[in-house]
Protein chains: 2
Amino acid sequence: MDCETTKRAETMNLYDIKRANYDAQAKMMKALAHPSRLLIAHALLDHELCVCELRELLKQNLSTVSRHLSVLKNAGLLIEEKRGLYVYYHLCCDGLREFLIRMNDLVGEATS
Amino acid sequence: MDCETTKRAETMNLYDIKRANYDAQAKMMKALAHPSRLLIAHALLDHELCVCELRELLKQNLSTVSRHLSVLKNAGLLIEEKRGLYVYYHLCCDGLREFLIRMNDLVGEATS
DNA sequence: TGCTTATTTTGCGAAATAGACAAATAGAGG
DNA sequence: CCTCTATTTGTCTATTTCGCAAAATAAGCA
C-alpha cells in the first residue's frame, strides 16, 4: 500500500458507486459467455427462429437449447412469441449487433 | 422442423465455420463476466495499478485479487510489469474501452 | 375427448468457478 | 545469507453451470 499511485487509488470511490452496475454488467456478460448462446445471438441477428430450428443449428439436445434460450431471455436480450405450435425467438436490443462486433474486434486484438 | 424458416436454416452452415470463433469469444466474455474483473478493467482504463492497490479497490483477499488478475492476463487483456517489489498491471487492448461502452449501452437497453 | 408435436421443467452427475487460508516464491536490501 | 514485503500458487469447500434423459406442459387437430 505504499506504492506511488496509492493517493490516486484512495480517492477513487466512484468505483464504489459504480459497483452495483458491475453486477448487472457481469450478469449480461455471463448470459452471453457461452459458445452456443453466442451462436444463437448471431443467428438471430438476421431473422427470428424457432426452437427446433435453433436445435438444428446447435446440434444439441432440445432441453439444452431451451435452457440457453431462457438464459438469454432472462438477460433481457430476446423475446419469445408463440405462433401455433412453435415458439419463435427474436432479439430485442438494437445494441447487440454493435456489441458483438466490438467483442470480435477485442478477441482479435487480444489474441494477436 | 417443419416451420416456415427451415429452408433458410438448412443453408446456414456458415455458423459451423464460425463455431470455433465462438469458443474464443466465449472465453473472452467469461474472463470479463465477473463484477470484480469488470471493476479491475475499468480501473485500469485510466492508469496502471499494482496488486495491492487493486486489493484496496476490491476490498478482497489478496489471493482472490491475484487470481482475478491472472484470469484477465490469460485472456490476453492485460500485461504485468514488475518494478521493485510491486507488480503493476496495465491493459494491452485498445478495443477494451469501446467494448465496455457498448456493453454498458446494451445493459441499459436490455433492462429498460 | 384423445392423439400428436413442440417446448419447458426437473433431476442427476460431471465439470468449472469463486473465495478463503496457508504455504511457497520472488526480489529488495541489510 | 537473512529478513522483510509483495505476490502467486496449492488445497479445500461451497456454489454454479452444462448437457442429457425423462417427465410435464401447451397447443393444434381428428
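Letters A, B, ... are given to chains in the order of the sequence lines, protein chains preceding strands, and every chain is numbered from 1. Note that the structure is predicted; figures quoted are calculated from it, not measured.
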A.B. asks: Looking at Tyr89(A), does any N or O in its side chain come under 4.0 Å of the phosphate oxygens OP1/OP2 on dA6(C)?
C.D. replies: no
A.B. asks: Within the structure provided, determine whether Val51(A) and Tyr86(A) are in side-chain contact (heavy-atom separation under 4.5 Å).
C.D. replies: no
A.B. asks: Nearest-Å distance, CD (Glu80(A)) to C1' (dT9(C))?
C.D. replies: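 Interatomic distance, CD of Glu80(A) to C1' of dT9(C): 14 Å.
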A.B. asks: What integer distance in Å separates Arg67(A):CZ from dT9(C):P?
C.D. replies: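 In whole Å, dT9(C) P lies 9 Å from Arg67(A) CZ.
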A.B. asks: Check the distance between dT8(D)'s P and Gln60(B)'s CD and give it to me in whole angstrom.
C.D. replies: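 So the two atoms are 15 Å apart, to the nearest Å.
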A.B. asks: Determine whether Leu72(A) and Leu32(A) make a side-chain contact, defined as any pair of heavy atoms from C-beta on separated by less than 4.5 Å.
C.D. replies: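 Leu72(A) reaches Leu32(A) side chain to side chain.
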A.B. asks: Is His68(A) close enough to dT17(D) that one of its side-chain N or O atoms is under 4.0 Å from OP1 or OP2 there?
C.D. replies: no
A.B. asks: Does any N or O donor sit under 3.5 Å from an N or O acceptor when you compare the side chain of Ser63(B) with the base of dC21(C)?
C.D. replies: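 Looking at the base of dC21(C), it does pair with a donor or acceptor on the side chain of Ser63(B) (distance under 3.5 Å).
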A.B. asks: Of Leu85(A) and Ala33(A), whose nearest nucleotide on DNA chain D comes first from the 5' end?
C.D. replies: Ala33(A)
A.B. asks: In whole angstroms, how far is the P atom of dT5(C) from the CZ atom of Arg55(A)?
C.D. replies: 13 Å
A.B. asks: dA18(C), OP1 or OP2 - any side-chain N/O from Arg37(B) closer than 4.0 Å?
C.D. replies: yes
A.B. asks: Does Thr64(B) have a side-chain nitrogen or oxygen under 4.0 Å from the phosphate oxygens OP1 or OP2 of dG19(C)?
C.D. replies: no
A.B. asks: So, is Lys30(B) close to the dT17(C) phosphate, meaning a side-chain N or O under 4.0 Å from OP1 or OP2?
C.D. replies: yes
A.B. asks: Going from CD1 on Ile101(A) to CG on Leu106(A), what distance comes out if it is rounded to the nearest 0.5 angstrom?
C.D. replies: 13.5 Å
A.B. asks: Whole-Å distance between dT17(C) P and His34(B) NE2?
C.D. replies: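 It is 12 Å, rounded to the nearest whole Å.
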A.B. asks: Measure CG/Leu58(A) against C1'/dC18(D) and give the value in whole Å, please.
C.D. replies: 13 Å
A.B. asks: Establish, from distance only, whether the side-chain atoms of Tyr88(B) and Glu81(B) form a donor-acceptor pair under 3.5 Å.
C.D. replies: no
A.B. asks: Looking at every strand, decide which applies to Lys73(A) at a 4.0 Å heavy-atom threshold: base, sugar-phosphate, or nothing.
C.D. replies: nothing
A.B. asks: How is Leu62(B) classified with respect to the nucleic acid when contacts are heavy atoms under 4.0 Å: base, sugar-phosphate, or nothing?
C.D. replies: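 It contacts base atoms.
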A.B. asks: How many whole angstroms separate atom CD1 of Ile40(A) from atom P of dC18(D)?
C.D. replies: 11 Å
A.B. asks: How many whole angstroms separate atom CG of Asn61(B) from atom P of dT8(D)?
C.D. replies: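 So the CG-P distance, Asn61(B) to dT8(D), works out to 13 Å.
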A.B. asks: I'd like to know if Arg83(B) and Glu48(B) make a salt bridge, using a cut-off of under 4.0 Å between side-chain N and carboxylate O.
C.D. replies: yes
